[in-house]
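In the text below, chain A, chain B and the rest are named by the order of the sequence lines, each starting its count at 1.
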Protein chains: 2
Amino acid sequence: MTTSSLESLGPFRQLSEGSRALLRRGAVLAECGPPAPILQPGTSISGAYFVVRGRLRVYAVAPDGTEATLYFINPGETCVFALNSLFNDLRYPAWVQADADTTVALIPGGVYRELFQKEPSIQDVTVRALSTLVFRLMEELEEVHAYKLDQRLANLLLIHASAAGELAMTQQQMAAHLGTTREVVARLMRDFVARGFVETGRGVTRVKNADGLAGLIATPT
Amino acid sequence: MTTSSLESLGPFRQLSEGSRALLRRGAVLAECGPPAPILQPGTSISGAYFVVRGRLRVYAVAPDGTEATLYFINPGETCVFALNSLFNDLRYPAWVQADADTTVALIPGGVYRELFQKEPSIQDVTVRALSTLVFRLMEELEEVHAYKLDQRLANLLLIHASAAGELAMTQQQMAAHLGTTREVVARLMRDFVARGFVETGRGVTRVKNADGLAGLIATPT
DNA sequence: ACCGCTGTGTAGCTTTTGGTACAGACTCCG
DNA sequence: CGGAGTCTGTACCAAAAGCTACACAGCGGT
């Protein structure tokens, strides 16, 4: 994978020749091996991030150390937090962690701003990325307010399970995602198991009755 | 106040003559008297909203009827939720309520899109508005996760109190803002009063010891 | 086989928050 | 001044979630 292959990706396909050259000279690809924090609050953003492969997880950390996922950035999406800081001169307010085997393209701030001015497709992708993020954040905020933990856990299982109904996450990871503790997840899981909704294993949870979980979300309590 | 006065506001000041004419023909001003919901989830957005005077409150409503404020839109700010739906064809996912004496300019979708394409200043204000919103939402999400209700209430009092330390809100409104119930707010208030942090009155709360409240936020429990 | 590490299962207690119910106080208005 | 409507104060109970502590199971390495 080289930086020139960036040009064949999503929003960069329709660029003018000049912009392509600009991108080729300026962009840098970064590979992330094992999951590791790559950005911390207050980091001054030096460019726009574009997820080529893998996934980024943006999360908050409370004073007591517990985490909570704010949102994910999937392949083909621009990492908008960077745009945020890029256009508004705000310091980045959260943590970012890359999944295993993630590739990120870093487009320096100056280059991005130039592209944004010249290229309608970049303007478009920028606004769309921001809009999508706003949407996700509003959804998340609404979920936190409106649903109890068991419903949010059920939702997590339904959303992130593979086609085969498997979810390869430890309970600790689920807890961090939901902003709670492992014990609470284990307690809820025990309940789900008792009701025949899921089976638990080491590092994996299998969904046996998706309708049951879905019903849990729909009905109160 | 006429629509032509819009042109003297913020981002519209630098427009070309053609764009001004476009705006003059297309934009509509709406006055909102008493506080009332003006948008509901699923509403299809027909344009971009721009707050001229007053304030908009964007909030979520849980199935059980309790509300929670997601964010405010202040005078001079574009109502980005509209942009969101405008550029992404997403249905609007929350409720919007206008404060008393609020004036909103409605710029039809087609007009706004045309302005966005032609005018760098509109591109700029759009991206900035979205960025700011992303920032606010992330902050809010983080606050909900990291702080307990007493801390969030203390924060509300500190942030929204006037220079004289007065906050003209009923406890019911505070509760809706924080996504909880009036009784809980009353209980926390009793505690604040006992500690000498505030004085309560009908429809108004006076901050007597801002440092005390601030200390509450800083220290755990 | 043994050890250490990581992950899960469980119990019991505490704190926080929500729900219900009602009393009293203030305000506007006729 | 009286009454309706709105706002606040409070007591009590229930539910949800967090905290601590510990047992045990799987897995990999030596």
Task: Terminal axes of the helix from C/dA1-D/dT30 to C/dG30-D/dC1 (five pairs each): angle between them, nearest 10 degrees - done: 30°
TODO: Verify the ring-centre separation between A/H177 and A/F72: is it less than 6.0 angstrom?
DONE: yes
Open item on the list: On DNA chain C, compare the nucleotides closest to A/T200 and A/R187; which residue's is nearer the 5' end?
Closed with: A/T200
TODO: Could you tell me whether B/R190 contacts a base, only the sugar-phosphate backbone, or nothing, with contacts defined as non-hydrogen atoms closer than 4.0 Å?
DONE: sugar-phosphate
TODO: Go through the structure and list residues passing side-chain contact (heavy atoms from CB on, under 4.5 Å) with B/R136, not counting sequence neighbours.
DONE: B/N74, B/E77, B/T132
Open item on the list: So, does A/Q172 get its side chain near the phosphate of C/dT8, meaning an N or O under 4.0 Å from OP1 or OP2?
Closed with: no
Open item on the list: So, OP1 or OP2 of C/dG9: does either fall under 4.0 Å of a side-chain N or O from A/Q171?
Closed with: yes
In whole angstrom, give the distance that lies between atom [atom1] of [X] and atom [atom2] of [N].
X	N	atom1	atom2	value
A/D191	D/dA16	CG	P	11 Å
B/R202	D/dG9	CZ	P	11 Å
B/E183	C/dA21	CD	P	11 Å
A/D64	C/dT16	CG	P	13 Å
B/E199	D/dG9	CD	C1'	16 Å
A/L167	C/dG7	CG	C1'	15 Å
B/L178	C/dT17	CG	C1'	13 Å
A/K148	D/dA14	NZ	P	16 Å

Pair up each side-chain donor or acceptor in residues 184-193 of chain B with any protein partner under 3.5 Å, not counting sequence neighbours, and list the distances.
from	atom 1	to	atom 2	distance (Å)
B/D191	OD2	B/R195	NE	3.3
B/D191	OD2	B/R195	NH2	3.2

Task: Given D/dT10, C/dG19, C/dT10, the nucleotide with the shortest approach to the side chain of B/R182 - done: D/dT10
TODO: Mark yes or no for whether A/T102, through its side chain, and A/A98, through its backbone, hold a donor-acceptor pair below 3.5 Å.
DONE: no
Open item on the list: Keeping B/S131 on the side-chain end and B/V127 on the backbone end, is there a donor-acceptor pair under 3.5 Å?
Closed with: yes
TODO: Select from B/M169 and A/T180 the residue whose nearest nucleotide in DNA chain D is closer to the 5' end of that strand.
DONE: B/M169
TODO: To the nearest 0.5 angstrom, please state how far the CG atom of B/L167 sits from the CE atom of B/M169.
DONE: 6.0 Å
- [ ] Take B/L153 and B/M174, measure what side chain to side chain contact (heavy atoms under 4.5 Å, CB included) needs, and give me the verdict at the end.
- [x] CA-CA 8 Å; B/L153 178 59; B/M174 296 183 206; 4.0 Å; yes
